[in-house]
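The model shown is predicted, which means the values in this text are computed figures rather than measured ones. Lettering follows sequence order; numbering is per chain, from 1. Below, each value reflects all heavy atoms present in this structure, side chains not excepted, and no hydrogens, waters or symmetry copies.
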Amino acid sequence: QVSAALREGGVSPTELCQRCLSLIKSTKFLNAYITVAEETALKQAEESEKRYRSGQPLGVLDGIPVAVKDNFNTAGIETTCASNMLKGYISPYNATVVQKLLDQGAVLLGKTNLDEFAMGSGSTDGVFGPVRNPWSYSRQYKEKSVSKSHSEDEESNWVITGGSSGGSAAAVSSFTCFAALGSDTGGSTRNPAAHCGVVGLKPTYGLISRHGLIPLVNSMDVPGILTRCVDDAAVVLGLLAGHDPKDSTTIQDDFKPFELPNLPDVSKLSIGIPKEYHAPALSSEILALWSKAADLFKNAGAKVTEVSLPHTCYSIVCYHVLCTAEVASNMARFDGLEYGHRSDMNKSTESMYAATRREGFNDVVRGRILSGNYFLLKQNYENYFIKAQKVRRLIANDFLKVFRSGIDILLTPTTLSDPVPYREFIKEDNRTRSAQDDILTQAVNLAGLPAINVPAALSERGLPIGLQFIGRSFQEKQLLTVAKWFEKQVKFPIIQLEEVQRHVQDVFQHQKSASFS
Amino acid sequence: WVPVVGLEVHAQISSNSKLFSGSQVQFAAPPNSLVSFFDASLPGTLPVLNRRCVEAAVMTGLALNCSINKKSLFDRKHYFYADLPAGYQITQQRVPIAVNGTLSYSLYKDNKMSQMVTKTVRIKQIQLEQDSGKSLHDDTRSQTLVDLNRAGVGLMEVVMEPDMCCGEEAAAAVRELQLILQTLGSSQAVMAEGQLRVDANVSVHHRGEPYGVRTEVKNINSIRFLAKAVDYEIERQIEELENGGTILNETRAFDSKLGCTVPMRDKEGKQDYRFMPEPNLPPLILYDAKSLPANINHQQVVNIDWIHERLPDLPSVRRAKLVELYGILPEHSFTLVNEDGLTEFFENVVNQTQMKPKKVIGWILKDLLSYLKQHSLTVKESPVSSVLLADLLNLLEKKEISSTAAKQVLAELWKGEGKSPLEIVKEKKLELMQDQKELEQICQEVIDGQENEVMAIKAGNLKVLNKLIGLVQRKTQGRSNPVVVKQLLEKKLS
């Protein structure tokens, strides 16, 4: 819709950019952005305006403000991965997905906050501090919380965004941008999307280029797309997907961007409900919502069946072994020699390396490196790494079997509960939290399948809950069609944030979901 | 004692760009001028396989009679070192591109230049891997200087099984491998430029007993040093064991100045390289004519059969052809193929002269080559061109000069003063006497002056005739054809 507004001249790209920038400033307390690229964004907006004036916009995304998670390389703009290791690192090149966005005329507002090196499920463990969920400040949440005094609660009651792409989710959720890039290795796009009430799409592995995405687990990472509605996600996907010669793991086949039907029909679909996703820790609220959603589909004529993915219970351990092994390998390049933080210790190359890495990485990263190296030792390789690879194959096969038996889409919860307050979350360590929170999302990464979080309802506490749809490899069209149908059914409410309403009143008065397409 | 020698040869692939990135491959460029983002291990960069490197490895595998693995895999080998920016090297540890080949090489038996014996060494495998950068230790300033130009250049590691028994064999095997690589063009294999590096694995044991502990010898910069290093290490191990000592499984460096091997400081204990599959590179699939899918883009695939059809003649084939075509000995063909440009020179001379190749070869190998070696010149730098030599040999063949005279002319030609053989002959008056009568007269003079010798000859001692011939030569200042002189003398004395 805002794209239409741009085209029709209702609002100009520079105006739009400026509003977003000032909204970012007003919502600074969310800590969603690490770097705000004000100058370059305004320049990009000006260029876009010229194009609109001459009637030649580059496309739907021309002039649309976007944000990018700070583990994507952006030329000339600091890329930190929320780590001391890369503080001050100005990348000399753009990640392919960033380049594609810029080539379409998108306005890059800045880099969003995350867990250090994307390790975490809360966006709480980066060196720039935790990201606050915008819904913590929403009227919906405030109304439902038992308050002693207004200010005290805001300070101690704020809830997490989930992670690791919390900054991107918060940015989209708080209306400071219209789309954001995240990354998803074990659920890092879908989890914060659920907690922040936005759409979070994890595409099929190999569909979107990873060139320029600083890797966590090369065999599972994908760039993730966060938007306020499913149609927008489809548009961004269309612009980003396709073979990249710079990334040998992208598919060779041509990708054809698609448009979603306006009135999707789900009556011929077969929806699967995997029973193993009824995790013991699943909140009763979410369980009820999941059930309600299944009924929605049933009533619309879809076939809804319970299915089984028997190896789901092994996915955490499997993920842990493979993830830490790859992390140990991927982090080996951070030695302070060519770029990034370098310690002052200079007695010997080795001592410099050791000090640099100790100073540059937080506990979480160091812990994973140590674990990973352990699993890769010659004497352990067979028992851990190879075993985990085999289990991964079993988990992937679970999905294949289910899809082959006629199921089109799987419907599951995305998270175990609504977003928890920060002070609750930090009671457990990162590893424990990740193991708990990733359970509903990480098997999808092990299998390389596409999945999407769609905001479904508000919890009793007035906070977002989302549900997850999992599709067949490279069948994003079908996946997004189902997601769009569901989105239309549930009519998830717009966040009522003071700051937002102050800023965007005139532009978005009459709009329900403030999408850009 | 039975010495056992195996070799690991790293050959730099001759290609325009590196194995996984587009930066250039060039020797002696300014430091850090050929480094792409990927080579510097900038976060977020990914490897993209260079097709030319794959073809080079396939060619080499085929030339060494290997089975080419239609599916091979890439792995990461982890260790920390300043010249390894990513903290790991991408190599092929699990399934390399080629396995189970053979390399035949020849050496002179018992150091006689006349008898050659052929040996074979098994090739365990050939794998593609990245080269590392270079680090230079500046002890005076306590710093290490790192140049990443070489980081990421494609290497073929050729692993030779321990089928060799001494330095000479190792050297001959490497020399033959070098020739093969240069013929294929898959590597320029110049050891001095670091394009060919050899590590030797040496151990000794008593016949019938299990193999002894082996040491690895590195830092060998030439084929000559390879032979020296291997032989030294064998001797060292034998001496150590005979004195009741033990051999440590260690890495040693060859010190060319002292001619011995010394333990290397850096490599203490065994490294665990924590091998892991390289997740950013799918398995490398190669096709042959049978397995090639119909609708595939030919730019995207490597066809083993296509490469096989286009292999050039390997050195062994070239040698055989030379022997057959020119009737020279196998030993001769070795020398011809061994010296850069010598075969071409030889063939040029043969084509421009009526002299038989069997005779030409003598001039090439004895006169030309020894002169070049004495003055450390390559064939290309020879002051005597093939044209000049051909002219000279023609004069000889036409009997216008004697072979002694020809050698004198050649000596003049080496000066490179630009004179033609004919000019020199005229200048030095080296033409054979054409005047039969004058020659007869001189022969008669000699006969008259050597009564004793004449009597001896008439008595049956024909060897003495040579003395008379010699005297005639002297009188004619070498301008007489010894064959003709002999005939004349014989006629006169009969």
Side-chain angles (χ1 to χ4, degrees), chain A residues 71-73 79 81 85-86 89 91-93 95-96 117 206 209-215 217-221 244-249 252 322 325-326 328-335 337-340 346-350 352-354 357 372-381 385 389, chain B residues 20-22 32 35-50 74-90 93-94 133 135 137 141-146 148 151 266 270-284 296-297 299-300:
Chain A
N71 59 355
F72 285 91
N73 277 276
T79 301
C81 294
M85 191 58 92
L86 289 177
Y89 173 69
S91 173
Y93 73 100
T96 298
F117 280 108
S209 171
R210 289 181 299 112
H211 167 79
L213 166 60
I214 298 175
V217 183
N218 286 290
S219 63
M220 297 180 209
D221 290 351
D244 183 7
K246 297 193 187 119
D247 177 352
S248 308
T249 59
Q252 301 277 342
L322 296 178
E326 284 219 33
S329 178
N330 292 333
M331 297 297 147
R333 65 187 58 211
F334 294 103
D335 52 26
L337 210 56
E338 298 87 9
Y339 49 82
N346 60 1
K347 274 202 211 110
S348 68
T349 310
E350 257 153 37
M352 190 273 274
Y353 276 24
R357 291 162 72 79
N373 276 324
Y374 177 78
F375 297 135
L376 289 177
L377 289 176
K378 210 164 168 182
Q379 73 243 34
N380 294 330
Y381 186 73
F385 191 86
Q389 295 265 48
Chain B
F20 295 116
S21 72
N32 293 315
V35 185
S36 68
F37 296 150
F38 175 76
D39 303 330
S41 78
L42 292 195
T45 51
L46 299 167
V48 181
L49 186 56
N50 178 334
F74 289 100
D75 304 291
R76 292 184 181 181
K77 176 179 181 181
H78 300 85
Y79 61 94
F80 285 104
Y81 206 71
D83 63 16
L84 197 66
Y88 59 83
Q89 174 202 38
I90 301 180
Q93 189 244 4
R94 288 169 294 156
S135 59
H137 299 287
R141 290 193 203 92
S142 294
Q143 57 182 2
T144 302
L145 306 165
V146 181
L148 296 179
D266 285 349
K270 281 192 126 189
Q271 281 252 29
D272 191 327
Y273 293 112
R274 292 160 278 129
F275 285 99
M276 185 185 92
E278 169 55 70
N280 293 317
L281 292 169
L284 174 59
I296 207 152
N297 180 0
Q299 298 282 51
Q300 290 294 325

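Of the two parts of A:F72, neither the backbone nor the side chain holds a non-hydrogen atom closer than 4.5 Å to a non-hydrogen atom of chain B. Contact of A:P245 with chain B is made through the backbone alone, with heavy-atom distances under 4.5 Å. Heavy atoms closer than 4.5 Å to chain A are found in the backbone of B:F275, but not in its side chain. A:N346 does not touch chain B: none of its heavy atoms, backbone or side chain, sits under 4.5 Å away. For A:F375, no part lies under 4.5 angstrom from a heavy atom of chain B. In this structure, the portion of A:D335 lying under 4.5 Å from any heavy atom of chain B is its side chain and not its backbone.
Listed for the B:T45 side chain is no donor-acceptor partner under 3.5 Å among the backbone atoms of A:G212. Side-chain atoms of A:Y93 never come within 3.5 Å of backbone atoms of B:F37 as a donor-acceptor pair (strictly under, hydrogens ignored). Although no hydrogens or angles enter the test, the distance criterion places no donor-acceptor pair under 3.5 Å between the side chain of B:N280 and the main chain of A:D247.
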Exercise for review: With side-chain contact (heavy atoms from CB on, under 4.5 Å) as the test, would you mind laying out the steps for A:N330 and B:R76 before giving the verdict?
Suggested key: CA-CA 10 Å; A:N330 292 333; B:R76 292 184 181 181; 2.9 Å; yes
Review point. Under the side-chain contact (heavy atoms from CB on, under 4.5 Å) criterion, do B:V146 and A:E338 qualify, and how do the steps go?
Key: CA-CA 10 Å; B:V146 181; A:E338 298 87 9; 5.8 Å; no
Check your understanding: Passes side-chain contact (heavy atoms from CB on, under 4.5 Å), A:R210 versus B:L46? Steps please.
Key -> CA-CA 8 Å; A:R210 289 181 299 112; B:L46 299 167; 4.2 Å; yes
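Of all the heavy atoms in B:L42 and A:P92, the pair that sits closest is CD1-CG, 3.5 Å. The shortest heavy-atom contact between B:G44 and A:N73 is CA-ND2, 4.0 Å. Across every non-hydrogen atom of A:A325 and B:M276, the tightest pair is O-SD, 3.8 Å. Shortest non-hydrogen contact noted between B:P279 and A:N218 is CG-CB, 3.4 Å.
Residues B:P277 and A:Q389 meet the side-chain proximity criterion, which asks for heavy atoms closer than 4.5 Å. Side-chain contact between A:S248 and B:P282 is present, with at least one heavy-atom pair separated by less than 4.5 Å.
The environment of A:E350 atom CD is sparse: at most 12 non-hydrogen atoms of other residues, nucleotides or ligands sit within 6.0 angstrom.
Between A:Y353 and B:F80, the ring planes are perpendicular. Angles over 60° get that label, and only those under 30° would be called parallel.
Interface summary for chain B: among A:T79, A:N71, A:T349, A:L213, the most heavy-atom pairs under 4.5 angstrom belong to A:L213. The most heavy-atom pairs under 4.5 Å with chain B, out of A:Q252, A:M331, A:K378, A:Q379, come from A:K378.
Using a 3.5 Å distance cut-off with no hydrogens or angles, the side chains of A:S329 and B:H78 do pair a donor with an acceptor. For the residue pair A:Y381/B:R274, the side-chain donor-acceptor check at 3.5 Å is not satisfied. A donor and an acceptor atom, one from each side chain of A:Y339 and B:S41, are located under 3.5 Å apart.
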